[in-house]
Amino acid sequence: MSLEPPQNARRSERAPWLLAMLSAGIVAMAVGSSWWVLNTLSHVEERLPMTSLATERDFGVLLQDLQRLDQSLEILRLQPDETRQAAASQALDFAILRARDNHSLYSRLGADYQQLDEALAEALAKVEEILVAETLCLECLQLRQQALGVAITQTKQLYDLTTQASISQLSEQAGRLRALRDSLSLLLLIIIAATAALIGLMLWQRHILQRWGQARARLHHLAHHDPLTGLPNRALFQERLAEACSQGRHDGRLCALLYLDLDHFKDINDSLGHQAGDVLLREVGQRLQLSVRSTDTVARLGGDEFAVILAGLSNPAGTSRVAAAIIEAVSQPVSFQGQAIQVGTSIGITICPQDGENVEQLLVNADMALYQAKSQGRGLYHFFTQAYRVALVERRAMEEELRRAAVREEFVLHYQPQVDLAQGTLNGLEALLRWQHPRRGLVPPAEFLPLAEESGLIVTIGRQVLHQACAQVKAWLEAGLDPPPVAINLATAQFKQGDLAEEIRQGLAQAGLAARYLEVEVTEGTILDRDSGEIQRALERIRSLGVGIALDDFGTGYASLTHLKRFPVDRLKIDRSFVKNLGQDAGDEAIIRTVIQLGHSLGLTVVAEGIETEVQVRYLRLQQCDSGQGYLFGRPLPVEEITRLLRSPRCQSPNWAQDEDASWPQAGLCGKQRG
């Protein structure tokens, strides 16, 4: 699918060319007309001297005729009488005919020759009248010859006047014609220059329009495509998804949306740099295109997020094959500077129209399906289900409630005692978080702590735990009590947000509490984090404050002797999963025995968690485990119950935890659980 420029845009591009063509046509007509006028004027100017010459020639003919007539009369006087009359008649007839011919010619020359015409007509009429009426004699011929001489003289005078007037008029007309020709020549030059300028402007305009069209096409492409991979971006993807859904409803077919991102892509950027990440993204885009049909759409939505639109499906079964092919293609190594880069992908799938009929709803549902695929282990694909939507909506509602709870400080601490197994005395308290929900009451940590860690709220909550625990220990001291050290749990995210050691120092200083009353617990997972070097330095700064450090849930991860040697740990806490099978599982007993010996060999105190039976206590004492914690000694209790415990004299006596007559709160604090 491609987006073509609108029809109106193409019409607007053609409009300047139509105008330019019309202008060129008008200019061509003007140039042609001017050229025709100049050509005509040139011919007229060339003929003006010929007109003058014609007039002069015509007068010359007339004079020649009159002079010949005069010569004929002169000859007639010498002829005999009988032949004189006939010869005179013939000569006069010839003269009259020539004069009439010339009269017709002169009449065509214009009104300036009217006087000449009248004079000639009068002279010839008299000659003809005399010849007809009288007998030709020498005296008569002489008289008539004199009259003819007068006509000749008048003709010469008229000729001179007419010739001068004609020449003056022709010269004036020739000057006007030359001026007109010069003006038209200048106009023609201007028109030619304007035409050349117009042609240059048209060529420049064409160049600008081509560049503008190319720039607009590029901007159109950039506005709808990802500059790194060349794939459609989110805007174009949403348009095509809407088109696919609309076409599917019209044809009665399905449209599948595959929403995916790359697993651990951030690790590639952090370890190899953004250049390696860019190479990987381009390669993934190409592999996605090769995994689907040419009619399908592959888009990059941003970061490491991609989407695929499969249109025109008859059933959703084929979507699974495409998703599996994509996962297989993306997981293949990518070569970068001689090094193989390998990532995986997780895919969320939603179907239109059964999972949604608009773009926004389909994207939201596909995102939910992607989240579920990641939560199940990554490298998987998962179809959207309405049941998961309900669960996710509830989860997001709880996340919002958690944010409000952090602002309102609805979190409270309960404290669970830790007992010296050899002496039976209270030697520690672990602060455990509870959520005092305004409607649901006391919410256990298992229901909200995972969500707090995923959402990042654990950092804010952990800061509140630190200040609340320090303030409570200070309150016990001010009340004249002697509380043992209180341990608080630190999440991995707290080491990555600011200076944790400085926060602990400020918390102690704000409460006015000595560092020996505080202990922090970290899990094996924390010290095995990829930022373990940074975590190690943070723990060293915390220990330099005088705060104790315990390694919690030891044995559940992959911590080695090297980690125990590197990290500044004071106590090892054996996970409850090994303690619960003491007396039943020889393997767990061997593990606990080994951990206790290992801890003592490294100079560490060992604490066993989850103690619930006397059998477990006896075995731990036999292995010389230092401390114990569990329901046998007391459940986590609120501040009021712990305060009563600290006020009790039995709490400071040896073996108080095993005192059969001890009367403890109903929750079983510091007393044996009674069967």
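- When the side chain to side chain donor-acceptor pair (under 3.5 Å) test is applied to D251, the partners found at least two apart in sequence or on another chain are Q247.
- Side chains of Q497 and F495 form no contact here, defined as non-hydrogen atoms less than 4.5 Å apart.
- Sorted pairs that involve residues 229-280 and meet ring pair (Phe, Tyr, Trp, His ring centres under 6.0 Å), not counting sequence neighbours, are lacking altogether.
- In this structure, a donor-acceptor pair under 3.5 Å is present between the side chains of Q629 and Q416.
- Within the structure, salt bridge (Lys or Arg N to Asp or Glu O under 4.0 Å) pairs that include any residue of residues 444-455 comprise R395-E454, R440-E447 (at least two apart or interchain).
- Proximity of L281 to L262: side-chain heavy atoms (C-beta onward) are separated by under 4.5 Å at one or more points.
- Nearest heavy atom pair, residue A244 against residue I309, reads CB-CG2, 4.0 Å.
- Rounding to the nearest 0.5 Å gives a distance of 9.5 Å between CG of L402 and CD1 of I458.
- Taking the side chain as every heavy atom from C-beta outward, P316 and I349 never approach each other to under 4.5 Å.
- Across all non-hydrogen atoms, the minimal contact from V522 to I527 is CG2-CG2, 4.3 Å.
- The heavy-atom pair separating D367 from R396 by the smallest distance is OD2-NH2, 4.0 Å.
- Using a 4.5 Å heavy-atom cutoff, the side chains of M398 and H437 are not in contact.
- Nearest approach of A256 to L313, heavy atoms of both residues: CB-CD1, 3.7 Å.
- Considering all non-hydrogen atoms of both residues, L604 and D626 come closest at O-OD2, 4.2 Å.
- Summarising the local packing, CZ of R404 is surrounded by more than 12 heavy atoms from other residues, nucleotides or ligands at distances under 6.0 Å.
- For the side chain to side chain donor-acceptor pair (under 3.5 Å) test, residues two or more places apart in sequence or in another chain that qualify with N365 are R389.
- In this structure E521 satisfies the side chain to side chain donor-acceptor pair (under 3.5 Å) test together with K573, sequence neighbours excluded.
- Side-chain contact between E401 and F448 is absent, with no heavy-atom pair separated by less than 4.5 Å.
- Every side chain to side chain donor-acceptor pair (under 3.5 Å) that N581 has, sequence neighbours left out, goes to D588.
- In this structure, V343 and D304 have side chains that are not in contact, with every pair of non-hydrogen atoms separated by 4.5 Å or more.
- For the side-chain hydrogen bond (donor to acceptor under 3.5 Å, both in side chains) test with Q418, the passing option among E519, R571, E609 is R571; the others fail.
- Side chains of T605 and D570: a donor-acceptor N/O pair is absent below 3.5 angstrom, by distance only.
- Of all heavy-atom pairs spanning A329 and R287, the tightest one is O-NH1, 3.0 Å.
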### Task
Mind running salt bridge (charged side-chain N to carboxylate O under 4.0 Å, His left out) on R505 and D499 for me, showing each step along the way?
CA-CA 10 Å; R505 188 196 66 79; D499 190 345; over 6 Å; no
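- Side-chain contact between V390 and V393 is absent, with no heavy atoms from C-beta onward closer than 4.5 Å.
- With a 4.5 Å cut-off on side-chain heavy atoms, F306 and T345 do not count as touching.
- Crowding of Q376 atom CD: a count of heavy atoms from other residues, nucleotides or ligands under 6.0 Å exceeding 12.
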